[in-house]
Structure formats: C-alpha cells, structure tokens
Amino acid sequence: MTQFPKAFIFDLDGVITDTAEFHYLAWKELGKELGVTIGREFNEQLKGISRMDSLDRILGLDPSLTDMPEAEKEQYATKKNEHYKRLIETVTPAHILPGVKGLLEEIKQHDIEIALGSASKNAPAVLKQLGLMSYFDYLVDAAKVSKGKPDPETFTTASDGLGVAYQDCIGIEDAQAGVEAINQAHMFSVGVGELLKNTDHKVATTEQLDFQTILTKYAEWRNKKQ
Ligand code: BG6
Ligand code: MG
C-alpha cells in the first residue's frame, strides 16, 4: 500500500528563505567586536543552533572569552540580534527561495498539513514578511521549546501541535543539527545541501525539492520500516 505523509515540517532559515546568510553576516559583525574571525566553514556549525548556543560556540574560539559572565553574554546576544534584525528589514516575498512556494502550494492541494520548525525567535516575523503565514497550520519557534536542535523537540512539538504521528511527518532542513533532530524524532528527513549527512533524501538546492519525488522516497522509507 502506498503510504502518504500527513504533514510537512519546514525549517525556515536556509530552507524557505536565505536568512541563514543574514545570521552569518550578523555573527561575523559581532565577531569583529569580540576579536574572533568567523569563517564560512565554522559557520556551518552554527546553522540550526539557538542564539545562545551559537554564541557559546563562538566564545569557544578564544580561550580568553570562554568564561564570560552570563549578563555580558546576554548583551552580546542582543547585539547580534540587532544586527540580524537590521538585515531582515529588507526581506520581502521576492526572497522566498526557488521552488519553495510551488512546493507549499502542492502540499496544500493534497490536503497535507504544514508546520514550521524553526530555532529562531524571529521566525514568525520573517514568515509574515515573506507573505507565507497563510500556508502554515502550526508554528514552532525557539519560544515554544526548551531544547534546541539537534534535540528532536522542535519537530515533535510541531507534530504534536498538528495532532499527527511522527512517522507521518516529513521534515525539511538545511542544517546538520536539524537533520539529526528530524531523525531522532523518527520522521522522514529531507536535507537541502550537498554536505549534509544521514538524510533520508537529499537535494543540492531548494529548486530540486520535487513533491512527487519526496512522496515516492517517503513511501519507500515507510514500507522499509514495516
Ligand atoms: C536558526 C538559525 O534557524 O535560528 C541559526 O539556523 C540561528 O543560525 C537560530 O542562530 C536562532 O535564531 P534567532 O533569530 O532566535 O537568533
Ligand atoms: Mg536552517
């Protein structure tokens, strides 16, 4: 029997829109103040990771910064967020990544639910700016969970919110931490990015997110599990 998914859970930054780049630029700006260089390779480790966990990883680059008091850390995290918020002011529907709107449309046409599973506290604001709010049946952002990715809580909370079993969900992610979170939630993981590991299905760019291909791979995965 062909198995159909009941829900898609989308990461935001780097999947729906390229705000992953804005997070990177904002951290880089903060890095200048801290006297640490944040390169693209290191930035891969920050993708999908909460604001505070990201700051901790950055402070870990310089032994003289590792025991920074919490209050000071809060100030730096706020500063990074201010840089980031300035950058996202420019976000409009034109910034939806290629293929994403079409995929959302197709999912809706098939009466499959859609949730957001983002680690960002700015996610609802970005989704509004993109004009995509109406596609989403349930939103999970950093404010709704106590454990960030790679913990599965973001994805299980989304699935619980929709009232759908975990194995009936497909998660889409561009970050390794996010892929691990989907896998640990026992959902079907779709990765966007050539370097990702342990995905159930992987594409290089969002343009290659093809609804029918995802459905076929998902059905194979479900059949193997039975
Ligand atoms: C994730 C991004 O979606 O959200 C991370 O991939 C970011 O790079 C995290 O650090 C937290 O975002 P925010 O907006 O709450 O600082
Ligand atoms: Mg992401």
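Each residue takes its place number in the sequence, starting with 1. Start at 1 and go down the list; that is how both ligands and their atoms are numbered.
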Region of His23 engaging ligand 1 - heavy atom pairs below 4.0 Å: side chain
Ligand 1 N/O within reach of Ala142 N/O, cut-off under 3.5 Å: no
Polar proximity ligand 1 side, Ser120 side, N/O cut 3.5 Å exclusive: yes
All pairs passing side chain to side chain donor-acceptor pair (under 3.5 Å) where residues 119-129 contributes a residue, at least two apart: Asn81-Asn122
Ring geometry between His201 and Phe188 (parallel below 30°, tilted from 30 to 60°, perpendicular above 60°): parallel
Option nearest atom 3 (O) of ligand 1 (shortest heavy-atom distance, choices Asp13, Asn122, Asp141, Leu12): Asp13
Salt-bridge present (Arg222, Asp200; N to O < 4.0 Å): no
Non-neighbouring partners of Arg86 that pass side chain to side chain contact (heavy atoms under 4.5 Å, CB included), sequence neighbours left out: His83, Glu89
Ring pair (Phe, Tyr, Trp, His ring centres under 6.0 Å) involving His110 - partner list, sequence neighbours excluded: Phe211
Sidechain N-carboxylate O distance under 4.0 Å for Asp56, Lys73: yes
Arg51, any N or O under 3.5 Å of ligand 1 N or O: yes
Protein N, O or S atoms under 2.8 Å from the Mg ion (ligand 2): 3
Quiz item: cation-pi between Lys80 and Tyr76, 6.0 Å / 45°: no
Polar contact flag, side-chain donor to acceptor under 3.5 angstrom, Asn183-Ser189: yes
